[in-house]
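Here the structure is laid out as structure tokens; the discussion comes afterwards.
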Amino acid sequence: MDKKFYNTDGITLARNLLNKFLIREYDDKKIVTKIVETEAYMGAIDKAAHAYKNKKSTRTDPLYLSGGHIYVYLIYGMYNCLNLSANKENIPECVLIRAVEPISDLDEISYNRFSKSYDELTNYQKKNLTNGPGKLCKGLNVDRSLSGENIFGSKLYIEDNIDNDFEIVEDKRINIDYAQEDKDKPWRFYIKNNKNVSVINKQ
DNA sequence: TCGGAGATCTTCT
DNA sequence: GAAGATCTCCGAT
């Protein structure tokens with residue numbers, strides 16, 4: 001996708017990223033996945049956002065870059081979370097990639113997650129390869145060294161999907177109880193009936 | 001399938 | 001020094 005795709009507000013970008021291919025390349029490996037769940041974080045006005053009130057730090061700097069930059073941060077001391085910056089420079093909106101569907105190479109993802117080939121996984125492990133922000137980062141070998149780079153290079157990039165046959169579900173974001181009145185904003189989006197979505201709330 | 005508890009460390013106060 | 005946009009393990013149902 002081109003730069004224009006990312007130069008829009010976080011909510012629009014979160015919706016538009018669904019069903020797109022997220023591709024990760026390193027060494028001679030190529031991992032293809034499909035984005036099935038995203039969350040929008042709306043920067044200065046969003047109490048759940050790292051950039052609430054335009055807070056700046058060396059960690060959150062990538063959020064202030066123009067749309068299409070990569071922001072990876074560490075959560076709970078052990079897991080990475082992958083975000084893409086949205087909108088223009090100095091508007092720190094972003095989209096958290098919460099879940100992807102593995103397409104290929106399944107063995108490489110399996111080794112990154114469980115140090116085993118895909119065939120050696122239990123059914124439970126197969127179902128839980130990349131259905132969460134921490135899991136997909138581990139599966140795609142994404143860590144903080146990518147933070148600050150852009151999404152137009154050869155290491156991590158997005159490709160369009162011709163197949164547009166899917167429905168979007170809106171819901172509350174996950175685990176942001178501290179965000180007061182912003183915690184109930186319907187800024188999480190996922191593909192209806194997709195098995196790789198991390199959390200399905202009862203309707 | 002569900003729920004509770006522990007793991008573990010960067011970032012900012 | 002405390003908290004955190006999470007995941008795994010394990011036991012009970």
Exercise. Please state how far atom CG in A/Asn80 lies from atom P in B/dC9, giving the value in whole angstrom units.
Key: 13 Å
Do the side chain of [X] and the main chain of [Y] share a donor and acceptor less than 3.5 angstrom apart?
X	Y	value
A/Arg98	A/Glu37	no
A/Arg24	A/Thr33	no
A/Ser117	A/Asp107	no
A/Ser85	A/Gly68	yes

Practice problem: Return the nearest nucleotide to the side chain of A/Arg59; candidates are B/dT11, C/dA5, B/dA7. | Solution: B/dT11
Quiz item: Where the side chain of A/Met78 is concerned, which of C/dA5, B/dT8, B/dT1 is the nearest nucleotide?
Solution: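 Nearest listed nucleotide: B/dT8.
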So which protein N/O to nucleotides 4-6 of chain B N/O distances come out below 3.5 Å?
none

Going hydrophobic residue to hydrophobic residue with side-chain gaps under 4.5 angstrom, can you get from [X] over to [Y]?
X	Y	result
A/Ile174	A/Ile75	no
A/Leu63	A/Leu146	no
A/Leu136	A/Leu74	no
A/Ile45	A/Leu96	no

Quiz item: Is the Lys NZ or Arg CZ of A/Lys47 less than 6.0 Å from the centre of A/Tyr178's six-membered ring, within 45° of the axis?
Solution: no
Name each donor-acceptor pair under 3.5 Å that joins a side chain in residues 5-15 of chain A to protein atoms two or more places apart or in another chain, with its distance.
{"unit_1": "A/Asn7", "atom_1": "ND2", "unit_2": "A/Lys3", "atom_2": "O", "d": "3.4"}
{"unit_1": "A/Asp9", "atom_1": "OD1", "unit_2": "A/Thr12", "atom_2": "OG1", "d": "2.6"}
{"unit_1": "A/Asp9", "atom_1": "OD2", "unit_2": "A/Ile11", "atom_2": "N", "d": "3.1"}
{"unit_1": "A/Asp9", "atom_1": "OD2", "unit_2": "A/Thr12", "atom_2": "N", "d": "3.0"}
{"unit_1": "A/Asp9", "atom_1": "OD2", "unit_2": "A/Thr12", "atom_2": "OG1", "d": "3.2"}
{"unit_1": "A/Arg15", "atom_1": "NH2", "unit_2": "A/Glu170", "atom_2": "OE2", "d": "2.4"}

Quiz item: Using a cut-off of 4.0 Å on non-hydrogen atoms, how would the nucleic acid contact of A/Asn83 be classed: base, sugar-phosphate, or nothing?
Solution: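 Base contact.
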Quiz item: Does the pair A/Arg188 and A/Asp171 meet the rule for a salt bridge (charged side-chain N to carboxylate O under 4.0 Å, His left out), with working shown?
Solution: CA-CA 5 Å; A/Arg188 182 165 72 104; A/Asp171 205 347; 3.4 Å; yes
Quiz item: Side-chain donor or acceptor of A/Tyr73 under 3.5 Å from a matching atom on the base of C/dA5?
Solution: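 Pair found.
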Self-check item: Heavy-atom pair with the smallest gap, counting every atom of A/Pro92 and A/Ala44
Solution: CG-N, 4.2 Å
Quiz item: How close do A/Val100 and A/Ile35 get, heavy atom to heavy atom, and via which atoms?
Solution: CG1-CA, 4.1 Å
Quiz item: Looking at A/Asn175, does any N or O in its side chain come under 4.0 Å of the phosphate oxygens OP1/OP2 on C/dA5?
Solution: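 For C/dA5, neither OP1 nor OP2 has a side-chain N or O of A/Asn175 closer than 4.0 Å.
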Quiz item: Is A/Arg113 near enough to C/dT8 that one of its side-chain N or O atoms lies under 4.0 angstrom from OP1 or OP2?
Solution: yes
Quiz item: What are the residues of residues 131-151 of chain A, sorted by number, that bring a heavy atom to within less than 4.0 Å of DNA chain B?
Solution: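 Listed by number, they are A/Arg144.
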Quiz item: Do other residues, nucleotides or ligands put more than 12 heavy atoms under 6.0 Å from the NZ atom of A/Lys29?
Solution: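 Yes, NZ of A/Lys29 has more than 12 neighbouring heavy atoms, counting only those of other groups under 6.0 Å.
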Self-check item: A/Tyr41 ring over C/dA5 six-membered base ring, under 5.5 Å and 30°
Solution: yes
Quiz item: In dot-bracket notation, what is the pairing pattern of DNA chain C, taking Watson-Crick (N1-N3 plus N6-O4 or O6-N4) and G-U wobble (N1-O2 and O6-N3) contacts under 3.5 Å, with [ ] crossing and | for other strands?
Solution: ||||.|||||||.
Practice problem: Check each residue of residues 88-100 of chain A for a non-hydrogen atom within less than 4.0 Å of any atom in DNA chain C, then write out the ones that pass by number, or none. | Solution: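 The answer is A/Leu96, A/Arg98.
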Kindly give the atom pairs (protein nitrogen or oxygen, nucleotide nitrogen or oxygen) under 3.5 Å for nucleotides 10-13 of chain C.
none

Practice problem: Assign each of A/Gly77 and A/Phe114 to its nearest nucleotide of DNA chain C by heavy atoms, then name whichever residue's nucleotide is nearer the 5' end. | Solution: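 Its nearest nucleotide lies further toward 5', so the answer is A/Gly77.
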Quiz item: Roughly how far apart are A/Lys34 NZ and A/Leu18 CG, rounded to 0.5 Å?
Solution: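 It is 10.0 Å, given to the nearest 0.5 Å.
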